[in-house]
Structures are given as C-alpha cells and as structure tokens.
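For clarity, every value in this text was computed on a predicted model and none was experimentally measured. So that the names make sense, note that chain A is the first sequence line, chain B the second, and so on, each numbered from 1.
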Amino acid sequence: MKRVLVREILQSDTSGFDVLVKGWVRTKRDSKGFSFLEVNDGSTIKNIQVVAEESMPGYDEVLKISTGCSVAVEGELVDSPGKGQKYEIKARSIHVYGWADSERYPLQKKNHTFEFLREIAHLRPRTNTFGAVLRVRNALSYAIHSFFQNKGFVYVHTPIITASDCEGAGEMFRVTTLDLKNVPIVNGDIDYEEDFFGKKAGLTVSGQLEGELLATALGNIYTFGPTFRAENSNTSRHLAEFWMVEPEMAFAELPDDISLAEEFLKYIFKYCIDTCPDDLEFFDMRIQKGLISSLEDIILSNFEIITYTEAVDILKKSGEKFEYPVEWGTDLQSEHERYITEKKFNKPVVVTDYPKDIKAFYMKLNDDGKTVRAMDVLVPRIGEIIGGSEREYRYDVLVDRMKNSGLNPEEYWWYLDIRRFGSVPHAGFGLGFERTVQYITGMQNIRDVIPFPRTPKSADF
RNA sequence: UCCCCUGUAGCUCAGUCGGUAGAGCAAGUGGCUGUUAACCACUGGGUCGCAAGUUCGAGUCUUGCCGGGGGAGCCA
C-alpha cells in the first residue's frame with residue numbers, strides 16, 4: 001500500500017478506507033486491552049491518533065513502543081468517537097522501524113525550555129514548535145522567491161568567499177589555507193601572497209556590492225544566501241551565520257525602494273498566513289498571543305514614512321524618559337526605535353534620510369550635504385528588519401565619500417567602474433531572513449528559528 | 001565586548017541561620033474498556049558546572065574559570 005501523509009489524511013472529506021502512515025510516535029497512552037498512539041510525520045503540526053487493540057497481531061510489541069519510536073501503521077481510517085480529533089486509524093498492523101530507549105531519549109511528552117532544546121538541536125525538529133518553525137521557514141523562502149520572480153527580478157548568486165578587504169558591513173571571518181602554526185611572515189606582516197587566493201580573503205558580510213554590479217546589467221536582481229559576521233554579538237537577534245535577502249533595482253530611487261520593501265513584506269506575510277494556518281495558529285496560541293491579527297494588521301496597514309530628522313523631533317517631544325539622550329547626528333537607540341514603531345505609530349515605520357556620518361559610504365548624498373538617502377524599516381517587537389538605501393551613483397561624490405570614510409578607492413576600482421560607465425540611479429535593501437522568521441512566528445530568540453545556529457562560542461551540530 | 005541574573009535528579013525547580021539532598025514531571029513495575037499533558041499505586045534515580053580557599057563541617061560563604069539567559073553596543 002502507498003504511504004499517505006498525515007496532512008492529506010486530515011484534509012480528507014471522508015473516512016472508511018485503508019491507509020498506511022509512517023512517522024514518529026509523539027506519545028502513547030495505554031489502557032486495559034488497547035493503546036492510543038499519536039503519530040507525527042512532519043507534514044503537519046497535527047498528529048494522527050492510532051488505536052491498537054489487544055487482539056491485533058504483535059500487540060505485545062506495541063506495548064513496548066514509546067515516545068520517539070519510528071513506525072509504519074496500516075489500518076482503516078475511521079471517525080473518532082473521542083474528542084479532540086476528527087479521524088483516527090484503527091490499526092491492523094504496526095511495524096517499528098527504530099526503537100527509542102525511553103530511559104535515554106531526551107524528548108519527553110512535556111514542555112521543554114528552548115534553552116534545553118538548543119542543546120539537542122539534532123532532535124528538536126521533532127518537537128511541535130520546531131517543526132512549525134521549519135515549515136514556516138520553508139514557506140517564507142518560497143514566498144521570497146515567488147515575490148521577486150513574479151516581478152521579473154533575476155535571482156543571482158554573489159560570492160561567499162570574497163577578497164574585498166573592507167566591505168564595511170562588519171567583522172569578517174578569515175578564509176585561509178595557511179598553516180596557522182607556521183604563518184609566512186614578510187616584513188613583520190603575514191604574507192598573504194602565499195595564501196590560497198594570493199591575498200587576504202574572508203566570508204562575505206553582504207552581497208550588495210556585487211549585487212549592484214549585476215543590477216546595472218540585468219535591471220532588477222535579488223540575492224538570497226548565507227551571510228557571515230564575526231561580530232561578538234550576544235543577543236536574541238544576532239547570528240554569526242544567517243541568511244539575507246538583498247534586492248537591487250536599476251533606475252530606481254529611494255521611494256521605489258520603500259515601495260518595494262512594503263509590498264514585499266506584506267506579500268510574504270500573507271503567503272505564510274495562507275499556506276501555514278495550522279502552524280501560525282500554534283504560534284498564536286502558545287508563543288505569541290495575537291500574532292496572526294498583528295500580521296493581518298500589517299498587511300492592511302500603510303507603512304508610516306518619516307525622516308530621521310522628524311523621528312528625532314518626535315522623540316524629543318515624546319515626554320518619554322529614555323536611557324540614552326536623543327540628539328540629531330547620533331544613531332537611534334533600540335529604545336528609540338521601539339518607541340517609534342510600537343508606541344507612537346504601532347505599525348511598521350520607515351525612517352529615511354539619516355545623517356551621513358552614521359551610515360555607509362555607498363548611500364546617496366542628499367543636496368543638503370548632511371544626510372543620505374537611507375531607509376530603515378522598523379517593526380514592532382524586533383526593531384530593524386530591513387536596511388536599505390539609494391546608492392551614490394555619481395563617481396566624484398562616491399570617491400569623496402570613500403576617502404572621507406577612510407577607504408582606498410583603488411581597492412574598489414570595479415565598484416567605481418559602474419559609476420564610470422553608464423552609471424544609473426539604483427537602490428536596494430537587505431532583509432534579515434531569520435529576523436523575518438522571528439517576526440512571523442513570534443519566536444523570541446533568533447537561535448530558535450534556524451536549525452543549527454552559529455553564535456560566539458557555539459557551532460555544534 | 002560591557003552590565004545584571006543564573007548553573008542542584010533525564011527535564012523544570014525548591015533547598016531558611018553553614019550541619020551532609022527534596023518536590024513535580026519524566027522513566028521502570030503493577031492496575032484501569034475510549035484516552036487527549038490520561039488517571040491511580042509503588043520503585044529506582046545526585047561528581048549540587050569546574051578548580052581553589054575559609055571552616056570542625058560548604059549545595060549554601062569568598063575568589064577564579066567555564067556554560068546558559070536577559071539587556072546594551074554592533075547590525076540584518
């Protein structure tokens with residue numbers, strides 16, 4: 001008989017036919033003469049209840065089944081007389097593929113803390129929460145691709161290993177084949193000419209610069225890949241290895257960028273609501289009350305767009321007591337961003353036109369000479385989810401900005417060439433994929449929305 | 001990297017004034033004809049994170065190290 005998925009069974013309009021399901025036992029309850037098994041196969045957060053009666057062949061084996069065992073169950077799908085489920089399987093035979101010694105199997109049929117589950121990351125996908133996280137993660141990935149594909153954006157692959165010494169977005173992990181116990185030295189410095197690439201190389205901290213090169217040929221592009229930051233960040237919002245989405249549009253200015261970000265977020269949220277209703281219901285009930293309606297609110301909302309200068313004004317007039325003072329020219333603190341998006345507007349807020357000194361060199365300088373065409377999208381609960389800008393496409397201005405930022409324009413000759421030949425206004429943004437999963441699921445710690453998180457002092461599994 | 005909290009049974013935690021280890025759940029055994037975090041009874045289960053120090057005596061006090069959590073910075 002052909003195996004069917006639990007998701008398909010639960011969607012069936014009728015019962016009374018034979019089925020074969022394969023999955024893992026979540027829990028078992030024994031009574032005199034019969035047992036209830038709950039089997040989950042990962043196709044849905046819901047389990048299928050299996051009833052095994054004493055009279056069935058091999059019942060003495062069934063009695064030995066415990067949480068975690070992998071099984072194949074063949075039997076008739078019947079309407080369940082009990083409460084809590086529509087259907088159940090009246091088992092005719094149960095085959096155990098693999099036992100799970102109940103004295104050693106760490107997952108119990110009780111709530112575990114996320115901290116504990118992180119220590120057994122190889123088993124936590126078998127829990128309700130992580131199964132749901134991973135299904136939402138999958139749906140979100142697909143939504144990202146379908147959004148951009150529907151709009152004709154070209155999915156491009158930017159390098160993971162890069163030899164640009166200073167991309168400027170954060171500390172890089174070094175990539176080397178040098179013998180660390182015997183590093184070649186020339187004039188007191190490491191001789192990178194002997195290294196694999198003949199120069200200092202590292203893992204990418206952003207695909208943006210290369211993305212710009214491709215956008216100024218193909219028009220609209222996006223990247224969706226892994227990104228690495230060697231920052232010693234110990235927070236619930238940072239990973240050393242995470243996934244980032246970076247669209248880049250040629251012939252586009254900041255308002256186009258903002259529109260794209262807003263349309264994009266609404267699309268991917270709606271896609272997840274539509275395709276993962278059971279998982280989101282679980283998150284709404286167990287992780288973050290009101291989650292679904294807050295996502296629906298955002299889909300229907302118009303994002304607030306304010307300038308940095310207006311934001312500073314709002315904060316100064318707020319009457320709130322902030323730990324850090326608000327001063328034009330300094331970066332907004334987490335508490336400030338939270339006030340703006342959570343208290344003042346209670347919806348996503350796009351803050352634009354930041355002072356040039358607190359933003360990256362590649363952002364387009366405004367006519368006032370003081371601010372740049374940057375935008376941060378702030379959302380309630382997690383703060384900055386998107387950072388983007390219109391890029392400086394004027395060659396001379398960009399060279400000046402590089403020099404003022406302490407960068408050597410010669411090392412960016414290829415980046416500057418784009419401005420030298422057929423330069424066009426262009427704009428793009430970066431979206432932290434895991435932060436977005438956090439936002440959609442309500443999960444508080446970013447380490448719990450990626451299967452195997454990499455953080456300082458932690459790279460197990 | 002900084003500040004605060006924390007580390008005791010498989011898990012979640014309690015442990016008073018320094019006097020030699022407790023609960024709930026889980027697990028094991030038995031019971032129960034429809035369970036839903038099943039229920040009832042009984043049983044087993046400990047390098048108190050690691051190292052040093054103070055003390056007649058340390059889970060408890062002191063110092064150092066390591067891990068975990070929350071917040072900050074950096075950022076996505």
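Rounded to an integer number of Å, the gap from CG of A/N128 to C1' of B/A37 is 11 Å. For the pair A/Q438 CD and B/C75 C1', the interatomic distance rounds to 13 Å; values are reported in whole Å. When rounded to the nearest whole Å, the span between CE of A/M172 and C1' of B/C74 equals 17 Å. Between the C1' atom of B/C75 and the CG atom of A/L431 lies a distance of 13 Å, rounded to the nearest Å. Residue A/F433 contributes atom CZ, which lies 18 Å from atom C1' of B/C75 at whole-angstrom precision. As a whole-Å value, the separation of A/Y324 OH from B/A72 P is 9 Å. Taking atom CG of residue A/L117 and atom P of nucleotide B/G68, one finds them 15 Å apart after rounding to whole Å. When the C1' atom of B/U29 is taken as reference, atom CG of A/L63 falls 13 Å away, rounded to whole Å.
Heavy-atom nearest nucleotides on RNA chain B were determined for A/I358 and for A/R118, and the one closer to the 5' end corresponds to A/R118. Both A/E384 and A/G84 sit near RNA chain B, but only A/G84 has its closest nucleotide nearer the 5' end.
Of the possible donor and acceptor atoms, none in the side chain of A/K343 sits under 3.5 Å from a partner among the backbone N and O of A/R338.
Comparing B/A14 with B/G30, their P atoms are spaced 35 Å from each other, to the whole Å. A distance of about 12 Å separates the P atoms of B/G7 and B/U16, rounded to the whole Å. B/U29 and B/G70 have their C1' atoms separated by 43 Å, given to the nearest Å. Only the P atoms considered, B/G73 is 33 Å distant from B/C61, to the nearest whole Å. The C1' atoms of B/G45 and B/G57 are separated by 27 Å, rounded to the nearest whole Å. A distance of about 14 Å separates the P atoms of B/A27 and B/C11, rounded to the whole Å. B/U12 sits 14 Å from B/G49 when the P atoms are compared, rounded to a whole Å. Taking atom C1' on both B/U8 and B/C48, the two are 4 Å apart, rounded to the nearest angstrom.
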Verdict with reasoning, A/S66 to A/W99, per side-chain contact (heavy atoms from CB on, under 4.5 Å)
CA-CA 8 Å; A/S66 58; A/W99 298 93; 5.8 Å; no

Under the side-chain hydrogen bond (donor to acceptor under 3.5 Å, both in side chains) rule, what do A/S80 and A/Q85 come out as? Steps first, then yes or no, please.
CA-CA 7 Å; A/S80 178; A/Q85 60 280 318; 3.0 Å; yes

Step-by-step side-chain contact (heavy atoms from CB on, under 4.5 Å) determination, A/Y308 to A/W328:
CA-CA 8 Å; A/Y308 167 87; A/W328 199 97; 3.6 Å; yes

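Put simply, the side chain of A/K403 does not reach to within 4.5 Å of the side chain of A/F361, judged on heavy atoms. Within the 4.5 Å cutoff, side-chain heavy atoms of A/P456 are placed close to those of A/N232.
A/E241 and A/R229 are not joined by a salt bridge, as no carboxylate oxygen comes within less than 4.0 angstrom of a charged side-chain nitrogen. A salt bridge does not link A/K22 with A/D41: every distance from a Lys NZ or Arg NE/NH1/NH2 to an Asp or Glu carboxylate oxygen is 4.0 Å or more. Between A/R118 and A/D448, at least one side-chain N (NZ, or NE/NH1/NH2) sits under 4.0 Å from a carboxylate O, which counts as a salt bridge.
Look at A/R338 and you won't find any side-chain N or O under 4.0 angstrom from OP1 or OP2 of B/G71. One finds no side-chain N or O of A/T67 lying less than 4.0 angstrom from the OP1 or OP2 phosphate oxygen of B/A26.
Side-chain atoms of A/Y155 and A/Q149 include no donor-acceptor pair closer than 3.5 Å. No side-chain donor from either of A/Y354 and A/D331 sits under 3.5 Å from a side-chain acceptor of the other.
Counting non-hydrogen atoms under 4.0 angstrom, A/R26 reaches nothing in the nucleic acid.
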For RNA chain B, what dot-bracket results from Watson-Crick or G-U pairs at under 3.5 Å, with [ ] for crossers and | for inter-strand partners?
(((((((..((((.....[..)))).(((((.......))))).....(((((..]....))))))))))))....

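Of the options A/H145, A/K151, A/E248, a side chain to side chain donor-acceptor pair (under 3.5 Å) to A/Y222 is made by A/H145 and by none of the others.
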I'd like a table of atom pairs between the protein and nucleotides 7-11 of chain B - only N or O on both sides, under 3.5 Å - with the distance next to each one.
unit_1	atom_1	unit_2	atom_2	d
B/G10	N2	A/Q108	OE1	3.1
B/G10	N2	A/Q108	NE2	3.0
B/G10	N3	A/Q108	NE2	3.0
B/C11	O2	A/K110	NZ	2.7

Under 3.5 Å, N/O pairs linking protein and nucleotides 32-35 of chain B:
unit_1	atom_1	unit_2	atom_2	d
B/C32	OP2	A/K32	NZ	3.1
B/U33	O4'	A/K32	O	3.4
B/G34	N1	A/E88	OE2	2.7
B/G34	N2	A/Q49	NE2	3.4
B/G34	N2	A/E88	OE1	2.5
B/G34	N2	A/E88	OE2	3.2
B/U35	O2'	A/R29	NE	3.1
B/U35	O2	A/R29	NE	2.6
B/U35	O2	A/R29	NH2	2.8
B/U35	N3	A/Q49	OE1	3.0
B/U35	N3	A/Q49	NE2	3.0
B/U35	O4	A/Q49	NE2	2.6
B/U35	O4	A/Q85	NE2	3.2

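Screening residues 49-60 of chain A for side chain to side chain donor-acceptor pair (under 3.5 Å), with sequence neighbours left out, gives A/R29-A/Q49, A/S35-A/Y59, A/Q49-A/E88.
The stretch residues 233-245 of chain A comes close to RNA chain B through A/S233, A/N234, A/T235, A/S236, A/R237, A/H238, A/L239, A/F242, A/M244, each having a heavy atom under 4.0 Å from the strand.
Taking the centre and axis of the six-membered ring of A/Y362, the NZ or CZ atom of A/R401 falls outside the cone set by 45° and 6.0 Å.
By the ring-ring contact (aromatic ring centres under 6.0 Å, His included) test, A/F322 pairs with A/H336, A/Y339, sequence neighbours left out.
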